[in-house]
Every structure is written in structure tokens, then in C-alpha cells.
> 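One structure, as C-alpha cells, below. Some questions next.
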Amino acid sequence: MSTPHIEAAVGAIANTVLLPGDPLRARFVAHEVLDSPAQVNARRNMLGYTGRWHGQAVTVMGGGMGIPSTAIYVTELVRVYGVRRIIRIGTCGGIGEVNLGDVLLAQSGSTDSRFNRMQFGGHDLAGCADFSLLRNAVDAASRQGIAARVAGVFSTDCFYDGDPALLAHLRRHRICGIEMETAGLYGLAMREGFQALSILAVSDHLDNDVHMPAEQREQGLVQIARLALASAINENPG
Ligand code: HPA
């Protein structure tokens with residue numbers, strides 16, 4: 001059986017999925033960090049690969065940009081393929097006291113999206129990370145010498161021309177990163193009962209308009225993927 005968006009056979013996708021937005025980054029990461037990666041999805045070019053890390057099966061698959069795309073893939077992965085933990089690996093814009101290349105472990109996902117409200121009676125959901133994945137990530141980062149910061153992030157639906165006052169609000173609430181997926185992932189995890197975490201490299205700084213070169217983004221992603229694997233696998237065989 002497959003789904004409208006994923007052609008893999010059930011069983012071809014591991015219980016643990018790393019989810020970058022960009023399918024080409026999924027291919028790059030799978031070949032950098034997994035043993036014997038095999039392609040399991042190419043429908044709509046949303047590439048996915050299953051391989052092994054320290055003997056355990058892991059899938060790396062793209063989820064696209066924004067909450068709607070991410071939610072399609074996450075919902076199908078969880079409901080049809082039985083995925084139990086999803087770690088988003090990606091980049092974000094930095095706000096305030098963070099520097100390019102810093103790693104954020106997203107404790108919470110605030111948002112301007114209506115996605116969670118639509119399923120939460122119009123109320124505001126406090127989308128939050130799975131505690132044990134977050135704790136594992138903190139421990140793994142300190143073992144690996146990565147200065148990761150536990151932080152709130154904000155998922156926006158507007159990459160261009162959003163609320164001009166937004167940055168001030170984010171600073172005021174000590175939110176350190178802005179991206180486009182985490183709040184939806186965390187809401188889905190709470191409703192569907194799987195473990196989720198977003199690990200994000202600061203690729204742009206919104207206060208001073210600096211941007212990370214493409215090559216450094218790729219290296220940062222590999223570092224984050226290794227951190228994600230160490231967070232997900234050690235205590236969760238299979
Ligand atoms: N906005 C939204 N998403 C992002 C940004 C940004 O500035 N940088 C990286 N992902």
C-alpha cells in the first residue's frame with residue numbers, strides 16, 4: 001500500500017524519520033550519515049531514503065516548505081507507515097542573541113498559522129517538543145561539543161511581507177528562531193501521539209541581515225542530522 005504522496009511500501013520506512021524540508025538535502029544527508037541508504041520515495045520528487053545508523057533503521061525524507069506540506073507527509077508517515085518519532089532538521093532565521101551557525105533545539109513552536117487552531121476548537125495550542133527527545137538532544141549536544149540552545153521558535157506562513165511588527169514581538173517573548181514548520185509538527189505530534197523535535201541551524205540573522213553560505217548550510221545540516229540520530233536512536237531501538 002502507498003499513499004497519495006508516498007509510494008514506499010509499508011515496512012520500507014523506519015520508525016524514526018529525519019525530516020529536512022528540501023528533498024535534495026534529504027538525499028545529501030542520507031548519503032552522508034546513513035549506511036546503505038536506499039531510495040524509498042520519489043513521488044512529487046519528495047525524495048526519501050531508508051538506511052542504517054549504528055545498525056538501526058532510519059529514514060530521511062523531505063517534507064517540503066511550510067506547515068501544509070509538512071503536515072501532509074507527517075500525517076501519512078504516522079498513520080500509514082506507523083512512524084513513531086520525527087525530527088525536523090532544518091534552518092531558521094535568528095533573532096536577538098543568537099549567531100549564524102548556532103543550533104537551536106526548539107522547545108516550543110508559536111505560530112501565525114491557523115493549522116493547530118482548526119483542530120483545537122479555535123483555541124491556542126502550546127505546541128511543544130517531546131521531552132525525552134529534547135533531553136536526549138541536550139545531552140548528545142554536550143557530548144558532541146555542540147553549543148546547542150533550547151529555545152522557543154516561531155513558525156510563520158509568510159516568508160515574504162509578513163507582519164512588520166513580528167520581529168519586535170518575537171524579541172519581546174525571547175523567541176530565538178523563525179521558520180515555517182515546527183508549530184505544525186508539534187501540534188500533530190500532540191494529537192497523533194508520536195515523538196517530535198525540531199533541531200535548527202541559524203542560517204540567517206534577521207536583526208543584521210547576514211546569511212550563511214550554501215556550503216556551510218550543508219555542513220551544518222550534517223552536524224544536526226548526527227545530533228538528531230544520537231537523540232532518537234540510543235534509547236529507542238527500532
Ligand atoms: N523566515 C522564515 N523561514 C526561514 C527564515 C526566515 O527568515 N530563515 C530560514 N527559514
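The chain is numbered in sequence order, starting from 1. All figures in this text were calculated on a predicted structure; none of them were measured in a lab. Order of appearance sets the numbers: ligands from 1, and atoms from 1 within every ligand.
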> Find all protein N or O atoms under 3.5 angstrom from an N or O atom of ligand 1 and list the pairs with distances, or write 'none'.
unit_1	atom_1	unit_2	atom_2	d
ligand 1	8 (N)	Gly93	N	3.2
ligand 1	8 (N)	Asp204	OD2	3.0

> Which pair of non-hydrogen atoms, one from Val29 and one from Leu221, has the smallest distance, and what is that distance?
CG2-CD2, 3.6 Å
> With a 4.0 Å cut-off on N to O distance, would you call Arg226 and Glu32 a salt bridge?
no
> Answer yes or no: is there a donor N or O on one side and an acceptor on the other, between the side chain of Asp112 and the main chain of Asp157, under 3.5 Å?
yes
> Report the residues that fulfil salt bridge (charged side-chain N to carboxylate O under 4.0 Å, His left out) with Asp124, sequence neighbours left out, ordered by chain and then residue number.
Arg117
> Determine yes or no for a side-chain-to-main-chain donor-acceptor pair under 3.5 angstrom, with His31 supplying the side chain and Ser36 the backbone.
no
> About how many Å separate CG of Asn99 and CZ of Arg149, when rounded to the nearest 0.5 Å?
8.0 Å
